[in-house]
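Count residues from 1 along the sequence.
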Amino acid sequence: MPTLTDLQLLTLPGGSPGLTGVLGLPDGEGPWPGVVMVHEAFGLTPVMRRQVERMASAGFAVLMPDLFVQGGPRKCLRSTFRDIARGEGRAFTDVESARRALVNRDDCTGRVGVLGFCMGGGFALMAVKNHGFSAASANYGRLPKQLDEQLTGACPVVGSYGGRDLSLRGAAAKLDAALVRAGVPHDVKEYPTAGHAFLDDEAPSVNPVLDLVLQQVLHATPDPEASADAWRRIDGFFTEHLALELDD
């Protein structure tokens, strides 16, 4: 497995004023397939930075833009969810800025996937077509309202959900069935022991009231066994579908 260089903070032109992103690269010259990683609802936290590091160490050029750069979660969360629901807006402009930044790098092959957690998982499902991505990974992401329409002509999708996450009950089965109907290459799995945010390496904590919801409704806590299997599937899926075509 490739080793990792230090994370870099990049300024990303073309997006929100002051837009920045965290870049993780494997050690070496590359070029590497790219991944735009979209953070969860708590923002670009240390947990999310470690997710960038983890995927970069697997052999990808990974860039996570800060979608809350204009005021943090308190100011930006609602508008970002609104953008995701309608499939356009500032969040999509900022992610496109990150995608272009990767494509324009000499150490990126030019083939880029999108991967998201929680809020970002919902974003990934709204970016599966017409956004320049060659593969998408939705991790406990909310499904689009017009699911069949959204998945028609989509790029390959790998999805991971927790069976104990009461907010997304049945989502994995619905996503899998819709991808079958659309004829899209996919790998969707629900982990019975896992809840929301099971890929994180520490449980989220905000305040006593919200923490109670996170634990009792979402069962948001790390699940190392499910996480290891999900990352194995994601890495393999992206390696396959972000590989250069023979005529590239």
Margin query: Tell me if the centroids of the rings in His131 and Phe92 come within less than 6.0 Å of each other.
Written below: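 Here the rings of Phe92 and His131 have centres that are less than 6.0 Å from each other.
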Ring centroid separation for His39 and Phe68, is it under 6.0 angstrom?
yes
task: Take Thr93 and Asp83 through the test side-chain contact (heavy atoms from CB on, under 4.5 Å) and record every step on the way to the result.
output: CA-CA 10 Å; Thr93 300; Asp83 288 352; over 6 Å; no
Nearest 0.5 Å, please: how far is [atom2] in [Y] from [atom1] in [X]?
X	Y	atom1	atom2	answer
Glu240	Asp187	CD	CG	10.0 Å
Ser227	Phe198	OG	CZ	7.0 Å
Ser167	His219	OG	NE2	10.0 Å
Leu175	Glu190	CG	CD	11.5 Å
Met37	Leu115	CE	CG	5.0 Å
Leu102	Trp32	CG	CH2	14.0 Å

Kindly give the heavy-atom pair with the smallest separation between [X] and [Y], and that separation in Å.
X	Y	value
Gln216	Leu166	O-CD1, 4.1 Å
Ser97	Leu19	CB-CD2, 4.0 Å
Ala124	Ala136	O-CB, 4.1 Å
Pro26	Phe60	CD-O, 3.3 Å
Asp235	Ala58	OD2-CB, 3.7 Å
Arg49	Leu7	O-CD1, 3.8 Å

For a side chain to side chain donor-acceptor pair (under 3.5 Å) check, start with the C-alpha distance between Thr221 and Asp223, then their side-chain angles and the critical distance, and finish with the verdict. CA-CA 7 Å; Thr221 189; Asp223 187 321; over 6 Å; no
Can a donor-acceptor pair be found, under 3.5 Å and without considering hydrogens, that links the side chain of [X] to the backbone of [Y]?
X	Y	value
Arg111	His241	yes
Arg90	Leu67	yes
Tyr161	Arg169	no
Asp94	Ser16	yes
Glu40	Asp200	no
Gln215	Ala220	yes
Arg54	Trp231	no
Tyr140	Met119	no
Thr45	Met48	yes

Donor + acceptor pair across side chains of Asp66, Thr20 (<3.5 Å) | no
Can you tell if the side chain of [X] reaches within under 4.5 Å of the side chain of [Y], non-hydrogen atoms only?
X	Y	result
Val95	Phe123	yes
Val62	Leu23	no
Asp107	Glu29	no
Arg100	Val112	no
Ser137	Ile234	yes
Lys129	Leu151	no
Val114	Val35	no

Are more than 12 heavy atoms, taken from residues, nucleotides or ligands other than [X], located less than 6.0 Å from that residue's [atom1] atom?
X	atom1	value
Arg74	CZ	no
Asn104	CG	yes
Glu202	CD	yes

ask   = When you look at Met64 and Leu44, which way does the side-chain contact (heavy atoms from CB on, under 4.5 Å) test go after all the steps?
value = CA-CA 8 Å; Met64 180 179 281; Leu44 212 167; 3.7 Å; yes
Residue of the set Val188, Leu143, Leu168 for which side-chain contact (heavy atoms from CB on, under 4.5 Å) holds with Lys174:
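It is Leu143; the other options fail the test.
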**Request:** Begin from the C-alpha positions of Val158 and Phe238 and carry the test side-chain contact (heavy atoms from CB on, under 4.5 Å) through to its verdict.
**Result:** CA-CA 9 Å; Val158 55; Phe238 271 30; 4.0 Å; yes
Checklist entry - Are Leu10 and Val103 connected, step by step, through hydrophobic side chains (Ile, Leu, Val, Met, Phe, Trp, Tyr) whose heavy atoms are closer than 4.5 Å? => result yes
query: What about Phe237 and Val180, same hydrophobic cluster or not, with Ile/Leu/Val/Met/Phe/Trp/Tyr joined at side-chain heavy-atom distances under 4.5 Å?
result: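 Looking at the clustering, Val180 is in a separate group from Phe237.
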Salt-bridged, Asp229 to Lys189, with N to O below 4.0 Å? yes
Q: Could I get the full list of side chain to side chain donor-acceptor pair (under 3.5 Å) partners for Glu96, not counting sequence neighbours?
A: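 With sequence neighbours excluded, Glu96 shows a side chain to side chain donor-acceptor pair (under 3.5 Å) to Arg99, given in chain and number order.
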In short, salt bridge (charged side-chain N to carboxylate O under 4.0 Å, His left out) pairs touching residues 140-167 with sequence neighbours left out are Asp148-Arg181
